[in-house]
Amino acid sequence: MSIYYRNFPRALVVAILAMSATMSVARADNDSGKYGGENRGKPLQPAQTNAKFQQECSNCHIAYAPGLLPAESWRKVMSGLDKHFGSDASLDVQDNKEITAFLVSNASNRWSASTAPLRISESMWFKRKHDSNEISPAVWKNPQVKSPANCAACHPQAERGDFSERNIKIPK
Amino acid sequence: MLRIFHTSGLALVFAAGLAAQPVFAETHNEILASIQKEASGTPGFQGFSAARGESFFKTKHGNEWSCSSCHTENPAVSGKHAKTDKVIQPLAPSVNAERFTDPGKVAKWFKRNCNDVLDRVCTPQEKGDVLTYLLTVK
């Protein structure tokens, strides 16, 4: 392995690296301009999740995928867990550190605005995808839905970070 | 006391070590005993009462929720988070053997839930009364 690497023409390596760098920058720019800079990440869920996060953040609601919010939002959420949306969800320092690191390093990579909402449902991408053209106001009043934070009411695979349109089921 | 070092206890300790998690499984009686030890240090302590625990559990204490708002009036059945509707497995050890076996988990949730219901931590007396009540639920 290392022999191949060393023999590989250096200029070519540099050229490929430069090319892929400019390509990914261009891509990110396109998508992070969307929704006034408040776009969700791609992917929403990293290939490798974190066991502590899964265990500690799924007791009261689904474990929301880290790519749904930017890093700064996660820092804010994690530093206010003792007063978390009207509930005490406090963690010990060690667990808090580990989960914060996981969320921050897998946060949305397409969020360019300086905003950092505490709620996923306050972000521009969410509002657009769930506006009254897409979902009639009556649906939100259904007691099976209860709250926009109740993703799984309409996205049964939400826990796995799958919100694809073919898997949506609006409760009747 | 020696029974903790029974072979199955050792196996559990090993399994916990392998899973790389600092979980020290205990029985609910051991957890009750350690709450009792805490409570016996407070003046006037006269033991725990299931009846007092039940009424504590089912009554509001100045806030929107009681314990039973999420754990239901019958801790032998599944509950539902009062705000999010997420299902909560039964709290009574007679139907849910995992309950009150992990001291860290017990302490964490007493702290959180007492804060939500009473705006303060629960006293050892209150925790012991509640667990004594839950242990009578069949």
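Only heavy atoms go into these numbers, but all of them, side chains included; no hydrogens, no water, no symmetry mates. Every chain is numbered from 1, with letters handed out A, B, ... down the list of sequences.
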* Would you check if the side chain of D116(B) reaches a backbone N or O of D88(A) as a donor-acceptor pair within less than 3.5 Å? => yes
* To do: Quick one: pull up NE2 in H81(B) and NE2 in H61(A) and give me the separation to the nearest 0.5 Å.
  => 8.0 Å
* Asked: Counting heavy atoms not belonging to E64(B), are there more than 12 under 6.0 Å from its CD?
  -> no
* Between K111(B) and S90(A), a side-chain donor and acceptor under 3.5 Å -> yes
* Asked: Are L44(A) and W111(A) connected, step by step, through hydrophobic side chains (Ile, Leu, Val, Met, Phe, Trp, Tyr) whose heavy atoms are closer than 4.5 Å?
  -> yes
* Asked: Are any of the side-chain heavy atoms of R112(B) and L91(A) separated by less than 4.5 Å?
  -> yes
* To do: Kindly compute the distance separating OG (S87(A)) from CG (N113(B)), expressed to the nearest 0.5 Å.
  => 7.5 Å
* To do: Counting only heavy atoms closer than 4.5 Å, note whether S147(A) contacts chain B via side chain, backbone, both or neither.
  => neither
* Asked: Under 4.5 Å between any side-chain heavy atoms of K86(B) and C60(A), yes or no?
  -> no
* May I ask whether L134(B) and V95(B) are part of the same hydrophobic cluster, defined by side-chain heavy atoms of I, L, V, M, F, W, Y residues being less than 4.5 angstrom apart, directly or through others? => no
* To do: Determine, using the 4.5 Å side-chain heavy-atom cutoff (strictly less than), whether L118(A) and W74(A) are members of one ILVMFWY cluster.
  => yes
* To do: Starting from the C-alpha separation in whole Å, work towards a yes-or-no answer on side chain to side chain contact (heavy atoms under 4.5 Å, CB included) for K108(B) and D95(A).
  => CA-CA 12 Å; K108(B) 179 173 69 191; D95(A) 289 353; 5.6 Å; no
* To do: Spell out, yes or no, whether L81(A) and I62(A) are grouped together once hydrophobic residues are joined by side-chain heavy atoms under 4.5 Å, including indirect joins.
  => yes
* Asked: With hydrophobic residues grouped by side-chain heavy-atom distances under 4.5 Å, do Y64(A) and V145(A) end up in a single group?
  -> no
* Asked: Where on A82(B) is there a heavy atom nearer than 4.5 Å to chain A: the side chain, the backbone, both, or neither?
  -> backbone
* To do: Let me know if D82(A) has heavy atoms under 4.5 Å from chain B in its side chain, its backbone, both or neither.
  => neither
* To do: Using a cut-off of 6.0 Å, state whether more than 12 heavy atoms not belonging to K129(A) lie near its atom NZ.
  => no
